[in-house]
Amino acid sequence: MWDAWNRFWTAHDPDDVFAYKTVKVVLIRDRRLGLLHYTFLTGIFLYIFVFAILLGRGYVLREDPVGSVRLQVLQASNPVPLHDLPYCTQSAHSYIFTKHACRYDDQLDVVFPATERESILLSTRLKVQEETWDPMCPHADPECHWSTISNSSYFVADIERFTVKIDHTMSAPLVGRQANAVTLEGRMLDRDGHEVDLEGYVKTHNITTGNIAIGETGKPDIVPVGLLLEAANVDLDDLTDSPISEGESFRNAGVVILIFIDYSNLHTFDLNRIRYTYTLRRVTKTEFKSEEVLYTDWPDGRVLRDRHGIRFILVQTGTIGAFNFQTLLIQFVSGFGLLAVATLFVDTLALMIMPQKEIYQKYKFQRTVDFSDVRDGLVTVDLPDGNDESDRHFVSLEEHVGDSSSYSQQWVRSEQQYTNK
C-alpha cells in the first residue's frame with residue numbers, strides 16, 4: 001500500500017494535484033459578445049428594479065388577513081304587490097314553473113337560524129306541516145308515529161327587495177394592519193369583473209329601504225338581495241341545475257352563493273390604503289334547504305318548517321403588505337444572481353459556439369508556472385502590464401478566412417515574455 005502511495009507522489013507533482021482554480025478576468029475586444037452581454041445585463045436590471053421590486057412590490061412583506069363577518073337582513077319597506085309577482089298564485093301573470101301562494105314575511109321569519117358564523121339563509125319557499133302525536137300512544141313506543149294534520153307551501157314575496165347589511169373586520173397582525181369595513185373603501189364586481197351600478201339598480205327597482213351603500217367610507221355596506229343575485233348571475237326564476245330538483249326554479253329549490261371579500265393594499269403605492277372587493281359565485285349543481293321544528297303543544301303537537309332559499313357564505317381572502325427591508329434584500333440577492341447566469345451564457349457562447357472559440361479559450365484559460373520552482377528560486381516571473389500591444393501578436397484576418405480550425409495554430413503569444421528560466 002505504501003509503495004503505491006509513494007509511486008503516486010513520485011509520478012504527480014503536488015502543485016498539480018492541489019492546483020487552485022480561480023476566476024480570471026479577460027477583456028475580450030469583440031463587440032458581438034459585449035453587446036450581447038450588456039443586453040442581458042440591461043434586461044436583468046429592468047426585471048429586478050422595475051418588475052420585481054417596483055411593480056411586483058418586492059419590498060413588501062405579505063400576509064393573508066383573517067377576520068369576522070356579521071350579516072343582518074331587513075325587509076323591504078315598499079314591496080311589490082302580490083298581483084305583480086308572476087310566481088304567486090295571487091298573480092294573473094304567466095309563470096313556467098309551479099306557482100305557490102305568496103306572503104310577506106319579515107326578516108325574523110325569513111332568516112334561519114337567527115345567527116350563523118359567516119353565512120346566512122334567506123328563505124324563498126317554505127313548506128309548513130302541522131303534526132300531532134296520539135296522547136294514548138307513549139313516545140317510547142317505536143310503533144307510534146306523528147300524524148300530519150295539515151301542510152302547505154308558500155313563497156316569500158319579493159325577497160329580492162330585502163337588504164343585507166354586511167359588517168366585516170380584517171386583521172393582519174404580522175404586518176400590523178387592522179380595520180373595519182366602515183373605515184375602508186370597497187367595491188363589488190359582477191360576473192364579468194365590472195363594478196356593479198348600485199345607484200342605477202336602486203333607481204331602477206325603487207329601493208327605499210335603509211341607506212344603500214357599498215364601500216363608502218363612514219357607512220356600513222347595505223346591499224339589496226337582488227343586486228347580490230345579479231352580481232352572482234343568478235335569477236331566482238331560472239331553471240336550477242341541481243340534479244335533486246330537476247325541472248324546478250332556484251326560487252323553489254334554493255341556491256348557494258359564495259361572497260368573497262378580498263382585502264388588498266397592493267393596488268396602490270400607499271400601503272396604508274386598504275381596499276376590499278366583493279365578488280360573488282354560485283355553487284353549481286347545488287340547492288339548499290333547512291328544517292325547523294316548532295312545538296305548539298309539548299310534547300304532542302309540533303309544526304315542521306321545511307325551508308328552501310338563498311344560502312350566502314362569506315369567505316375572507318386577500319393579501320395585506322407592509323414595507324420590510326429583509327424582503328427587499330432577498331429580492332436584490334435573488335435578482336443579482338441572474339447576473340451570473342448572463343455571464344455564464346455569454347461565456348458558453350464564446351467558448352463553445354462562436355467561430356473564434358479556440359482563440360477565446362486561449363485567453364480564458366491559462367496555466368501558471370510551478371510556484372514551488374518560484375519559491376525555490378529556480379524560476380523568475382516577469383509579468384507584463386497587460387495593456388502593451390507588443391505583448392501579443394496576431395496574424396492578419398485574411399489568413400483566418402475559410403479555416404477556423406487554424407486560429408489557435410496561427411495565434412502566437414510568447415511564453416518567454418512571462419517566464420525567464
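Given the structure is predicted, the values throughout are model-derived calculations rather than measurements. For this chain, numbers begin at 1 and follow the sequence in order.
Here the side chain of Arg57 pairs a donor or acceptor atom with the backbone of Leu54 at under 3.5 angstrom. Using modelled atom types, one side-chain atom of Asn78 and one backbone atom of Asn206 make a donor-acceptor pair closer than 3.5 Å. Not a single donor-acceptor pair under 3.5 Å links the side chain of Ser245 to the backbone N or O of Glu248. Side chain of Glu63 to main chain of Val175: a donor-acceptor pair is present (N/O by atom type, distance under 3.5 Å, no hydrogens or angles). Thr204 contributes a side-chain N or O that, together with a main-chain N or O of Gly200, makes up a donor-acceptor pair within less than 3.5 Å. At least one donor-acceptor pair under 3.5 Å links the side chain of Asn324 to the backbone N or O of Thr327. At distances below 3.5 Å, at least one donor-acceptor pair connects side-chain atoms of Ser123 with backbone N or O atoms of Val110. For Asp167 (side chain) and Arg70 (main-chain N/O), no donor-acceptor pair under 3.5 Å exists by modelled atom type. Formation of a donor-acceptor pair under 3.5 Å by the Ser91 side chain with backbone atoms of Cys88 is not found in this model. Panel note: side chain Thr286, backbone Thr284; a donor-acceptor pair is recorded below 3.5 Å.
With respect to Arg282 and Asp241, a salt bridge is recorded, a charged nitrogen being found less than 4.0 Å from a carboxylate O. Arg273 and Glu185 are joined by a salt bridge, as a carboxylate oxygen and a charged side-chain nitrogen come within less than 4.0 angstrom of each other. One finds a salt bridge joining Arg251 and Glu160 here, because a Lys/Arg side-chain nitrogen approaches an Asp/Glu carboxylate oxygen to under 4.0 Å. Using a 4.0 Å cut-off between charged side-chain N and carboxylate O, Glu195 and Arg187 make no salt bridge. Remark: Asp221 does not engage Lys165 in a salt bridge, criterion side-chain N to carboxylate O under 4.0 Å. Using a cutoff of 4.0 Å between basic side-chain nitrogens and carboxylate oxygens, Lys364 and Asp347 are scored as salt-bridged. Between Lys362 and Glu358 there is no salt bridge, since none of the side-chain N atoms of the basic residue sits less than 4.0 Å from a carboxylate O of the acidic one.
In this structure, Arg307 is not positioned above the aromatic face of Phe288 in the sense of NZ or CZ being under 6.0 Å from the six-membered ring centre and within 45° of the axis. Judged by the 6.0 Å and 45° rule, Arg103 forms a cation-pi pair with Tyr154.
Considering CZ of Arg62 and CG of Leu174, their distance stands at 13.0 Å, rounded to 0.5 Å.
Side-chain atoms of Ser264 and Thr319 form no donor-acceptor pair, as typed in the model, at a separation below 3.5 Å. Side-chain atoms of Gln356 and Arg32 include a donor-acceptor pair closer than 3.5 Å.
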Kindly determine whether Phe345 and Leu36 satisfy side-chain contact (heavy atoms from CB on, under 4.5 Å), including the steps that lead there. CA-CA 10 Å; Phe345 180 83; Leu36 181 62; 4.3 Å; yes
Check against side-chain contact (heavy atoms from CB on, under 4.5 Å), Gln331 and Ile48: CA-CA 8 Å; Gln331 286 289 338; Ile48 295 174; over 6 Å; no
Show your working on side-chain contact (heavy atoms from CB on, under 4.5 Å) between Val60 and Leu266 and close with a plain yes or no. CA-CA 9 Å; Val60 171; Leu266 302 181; 3.9 Å; yes
Going through the checks in order, is the side-chain contact (heavy atoms from CB on, under 4.5 Å) test met by Val164 and Val225? CA-CA 7 Å; Val164 179; Val225 172; 3.7 Å; yes
Can you check side chain to side chain donor-acceptor pair (under 3.5 Å) on Tyr295 and Asp300, steps first, answer last? CA-CA 8 Å; Tyr295 278 89; Asp300 299 326; over 6 Å; no
Test log, rule ring pair (Phe, Tyr, Trp, His ring centres under 6.0 Å), inputs Phe332 and Tyr59: CA-CA 10 Å; Phe332 271 115; Tyr59 53 87; over 10 Å; no
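Ring-centre distance between Phe97 and Tyr87: not below the 6.0 Å cut-off. A ring-centre distance under 6.0 Å is not found for Phe51 and Phe45.
Among residue pairs with one or both ends in residues 158-192, those qualifying as ring pair (Phe, Tyr, Trp, His ring centres under 6.0 Å) are His168-Tyr263, His168-Tyr276, His168-Tyr278; sequence neighbours excluded.
In Asp270, the CG atom is crowded: over 12 heavy atoms of neighbouring residues, nucleotides or ligands sit closer than 6.0 Å. Within a 6.0 Å sphere centred on OH of Tyr38, other residues, nucleotides and ligands contribute 12 heavy atoms or fewer. A 6.0 Å sphere centred on NZ of Lys99 holds more than 12 heavy atoms belonging to other residues, nucleotides or ligands.
Annotation: salt bridge (charged side-chain N to carboxylate O under 4.0 Å, His left out) contacts of Lys289 (sequence neighbours excluded): Glu291, Asp306.
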